[in-house]
Amino acid sequence: METLQLILKYLSGKASQDDRKAMETWMSESNDNKSLFEDIKSIDEQSNSLQNINLIDTDVEWNAFMSKVNSSESAKVIDLPTNGKVKNLSTNVFRRRVALSAAASLILILGAIFLFPNKFKEIHTGDMPFAMTLDDGTKIDLAANSYLKYPLEFATSAREIFINGTAKIDIAKDPSKPFTIKSPLTGVEVLGTTIDLEASDDASTLGVIEGNVSMFPAGKKSEAMLLKTGDIVRYTSAGFEVLTEPEVVPEPEPEPEVVPEPEPEPEPEVVPEPEPEVVPEPEPEVVPEPEPEVVPEPEPEVVPEPEPEVVPEPEPEVVPEPEPEVEEIPRGKFKMGTFIDYLKKTHPEKDNFKLKGGVKYDKNDTINVSISAPLSTILKQLEEKYIIEYSDDCDGCFEIKSMIRKK
Amino acid sequence: MSLENTKNNTVESLFKQYYNPLYNFVNSKIRNSEDAKEVVQDVFVKLWNAKGKIDLDSPTIKSYLYTMARNTMIDAIRKKRDQSDVDIDNLDAGSIATDDGDALDPYIIRTEIMKSLSILKPKTRQIFKLNKLQGYTYEEIATHMEISVRTVEDNMSRAYGLLRQELKKNEIFS
């Protein structure tokens with residue numbers, strides 16, 4: 001760290017004569033020193049030209065590429081009778097037309113991605129899930145057979161997407177631009193969090209992995225329900241249901257079903273049912289807003305806006321600090337895949353959670369854990385359901401060597 | 001630039017590795033995102049058609065892609081010369097005269113830095129972006145965020161350290 005600061009000072013030209021000399025001596029001492037200096041210098045220079053660098057989603061482009069390649073092969077065949085040779089210039093438009101029809105036939109087979117003139121992009125996943133990052137940094141893991149629509153560029157005051165299907169969404173924090181996820185039945189508004197959303201024409205189920213979220217019936221922001229880390233809520237035409245397990249249950253018996261299974265368990269009615277007339281129309285066709293407009297009117301904010309200035313938050317730790325009374329932390333039900341990803345993402349720096357390569361587990365198995373508890377507690381809860389073996393050669397960290405589901 | 005890892009390349013792996021550097025290189029010249037995408041797509045269509053004829057693991061594959069991008073771009077500009085305000089002759093003579101793939105290196109590093117920003121803690125990332133993308137000085141950032149200049153410096157050097165780690169991991173740096 002000290003060294004890096006000296007290098008930066010040196011590069012900025014603000015180093016004193018003595019410091020410059022010391023730096024140059026240090027550099028000549030070893031090749032490692034020299035290459036550290038060169039690397040930092042190169043990062044420093046190149047990062048001064050980042051303003052115009054765009055990151056294009058290569059998964060999307062690759063799919064576009066594949067349909068182009070496929071269609072240009074058929075274009076060649078069709079071209080031959082007309083003028084014998086494929087010419088880049090003159091046949092470009094023609095090719096594109098062929099590309100469109102070729103793409104259209106692909107939809108049925110593997111799902112397709114295309115660009116709409118209105119600056120929205122739509123993604124239908126077929127049998128394959130699809131992962132992508134929006135240009136604000138929000139990550140979306142879209143499950144198979146799901147639909148996502150998003151603007152190519154977010155509006156200046158709000159971020160809004162539309163999902164019908166299942167997705168895990170890791171929303172980039174930006175307090176000045178609330179993020180709204182519209183679905184046939186509900187809207188979900190967040191300021192930066194990780195959630196699991198399963199939305200269809202009949203129900204929306206939301207699991208909050210981390211953060212604060214408000215969920216409301218489509219078009220009825222005033223009936224929003226506030227959720228926090230660990231909450232799982234389902235909305236149907238009958239209203240909201242809280243699915244989060246009460247933590248008191250000491251031994252959660254292994255449930256075989258996947259997380260938000262529609263059969264209602266005897267869940268505690270934590271939230272007052274919205275009045276009956278509130279219930280939105282059950283038929284999907286009546287869905288309030290089928291296409292998300294880019295900029296929602298500045299409606300009455302449901303979630304209290306933090307000051308829109310550039311987040312002077314107190315060191316945003318990804319994981320909330322553990323309370324001393326561990327038993328108080330409510331548990332939530334998560335899919336193993338989501339849960340392990342979450343641990344890997346949030347714990348590597350703090351207390352070093354690792355999973356040895358090759359450790360297998362059923363990603364769709366569900367588990368009851370207090371995700372905001374300290375890692376040791378979370379792992380204890382995991383051990384209720386799994387027999388876990390840890391590596392010894394990892395000091396002060398938790399590296400899982402093997403895990404097997406208990407009977 | 002390390003090339004030891006370029007074994008068993010496929011068109012897809014090259015596409016995912018070089019799409020963004022090539023796109024940003026082209027876009028920096030023609031300043032039209034859609035055209036730039038088209039140019040890069042065309043480059044890979046050519047690569048696809050040459051599959052089997054060229055060695056995708058060749059150490060010169062980077063120069064090859066760069067040269068194709070450059071030529072495809074020039075063709076595209078010629079084609080649109082009338083509508084375009086890009087000065088083709090200047091382009092030819094000046095900024096894209098270099099013919100080797102190393103001209104792509106800055107774009108490889110820049111896109112990799114952009115990608116790697118996501119590994120930084122939010123506060124560190126914000127400070128880095130304010131400084132590098134928006135050009136605020138350390139002092140301005142400190143005032144703006146109500147933290148000390150020292151904290152800004154600490155965060156910046158943390159950012160550099162982590163970015164270097166990430167670039168080494170992805171074999172951008174040897």
Side-chain angles (χ1 to χ4, degrees), chain A residues 1-9 11-12 35-36 38-59 61-62 64-66 68-69 72-73 88-89 92 115 133 137 139 152 170 172-174 192 309-318 345 348-349, chain B residues 11-12 15-17 19-20 23-24 27-28 31 33 36-37 40-42 44-45 48-49 75 79 105-115 117-118 121-123 125-126 128-135 138 141 144-147 153-154 156-161 163-164 167-168 173-174:
Chain A
M1 181 64 77
E2 272 305 298
T3 318
L4 284 178
Q5 290 198 342
L6 284 174
I7 297 178
L8 290 183
K9 217 168 183 182
L11 290 173
S12 71
S35 85
L36 173 59
E38 291 298 335
D39 288 354
I40 296 298
K41 186 172 168 221
S42 161
I43 292 176
D44 189 53
E45 284 168 1
Q46 296 311 328
S47 55
N48 285 329
S49 309
L50 292 177
Q51 293 88 343
N52 296 318
I53 296 296
N54 301 322
L55 285 186
I56 308 297
D57 189 325
T58 51
D59 290 332
E61 289 300 317
W62 174 254
F65 172 74
M66 283 314 286
K68 193 168 184 174
V69 170
S72 71
E73 263 151 30
N88 272 339
L89 296 187
N92 230 351
L115 201 55
T133 305
K139 297 198 173 102
L152 284 179
D170 187 355
K173 256 200 182 125
D174 186 351
E309 14 154 297
V310 205
V311 220
E313 286 172 50
E315 192 55 59
E317 279 303 330
V318 189
K345 211 163 76 191
E349 272 183 49
Chain B
V11 174
E12 182 169 6
F15 187 97
K16 301 230 160 129
Q17 188 179 356
Y19 184 92
N20 270 301
Y23 160 83
N24 279 290
N27 194 34
S28 73
R31 303 214 172 277
S33 179
K37 284 182 181 178
V40 182
Q41 288 275 358
D42 283 349
F44 282 99
V45 168
W48 182 268
N49 292 335
D75 286 349
K79 216 188 296 176
D105 287 355
Y107 294 94
I108 294 177
I109 296 174
R110 286 173 206 169
T111 50
E112 204 59 33
I113 291 174
M114 284 300 265
K115 268 189 240 166
L117 290 182
S118 64
K121 285 192 173 177
K123 185 177 172 188
R125 181 168 57 227
Q126 191 195 351
F128 185 86
K129 281 181 159 179
L130 284 173
N131 180 242
K132 289 301 185 185
L133 276 90
Q134 300 183 38
Y138 288 4
I141 295 170
H144 187 60
M145 293 179 72
E146 297 176 349
I147 53 180
E153 286 170 355
D154 286 347
M156 284 303 285
S157 54
R158 189 179 310 149
Y160 277 92
L163 289 172
R164 179 189 187 233
L167 267 68
K168 275 177 94 89
F173 289 153
S174 52

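So that the names make sense, note that chain A is the first sequence line, chain B the second, and so on, each numbered from 1.
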### Query
What part of Thr133(A) is in contact with chain B, defined as an atom under 4.5 angstrom from a non-hydrogen atom: side chain, backbone, both or neither?
neither

### chain B contact via Leu8(A) - side chain, backbone, both or neither, heavy atoms under 4.5 Å
side chain

### Query
How far does CD1 of Ile113(B) sit from CD1 of Ile43(A), to the nearest 0.5 angstrom?
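Nearest 0.5 Å value for the CD1-CD1 distance: 5.5 Å.
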
### Message
Please report the interatomic distance CG(Leu163(B)) to NZ(Lys115(B)), rounded to the nearest 0.5 Å.
### Response
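That separation rounds to 13.5 Å.
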
Please classify the contact between [X] and chain A as side chain, backbone, both or neither, with a heavy-atom cut-off of under 4.5 Å.
X         : result
Thr111(B) : both
Val40(B)  : neither
Leu133(B) : both
Asn27(B)  : side chain
Phe44(B)  : both
Glu112(B) : neither

### Message
Quick check for you: among Asn131(B), Val11(B), Leu167(B), which has the greatest number of heavy-atom pairs under 4.5 Å with chain A?
### Response
Val11(B)

### Query
Partners of Phe65(A) by ring pair (Phe, Tyr, Trp, His ring centres under 6.0 Å), sequence neighbours excluded?
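Testing Phe65(A) for ring pair (Phe, Tyr, Trp, His ring centres under 6.0 Å), a comparison that skips the adjacent residues, returns Trp62(A), Phe15(B), Trp48(B).
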
### Message
Can you confirm whether Asn52(A) sits close enough to Arg31(B) that some side-chain heavy atom of one is under 4.5 Å from a side-chain heavy atom of the other?
### Response
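Contact flag for Asn52(A)/Arg31(B) side chains = yes.
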
### Message
Side chains of Ser47(A) and Tyr160(B), heavy atoms from C-beta outward: is any pair under 4.5 Å?
### Response
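A side-chain contact exists here, since the closest heavy-atom pair is under 4.5 Å.
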
### Message
I'd like to check the side chain to side chain donor-acceptor pair (under 3.5 Å) partners of Asp39(A); sequence neighbours left out, ordered by chain and number.
### Response
Arg164(B)

### Nearest heavy atoms of Lys132(B) and Gln51(A), plus distance in Å
O-NE2, 3.6 Å

### Message
Shorter than 4.5 Å, heavy atoms on both sides: which option in Leu36(A), Thr58(A), Ile56(A) has the most such pairs with chain B?
### Response
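The answer is Ile56(A).
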
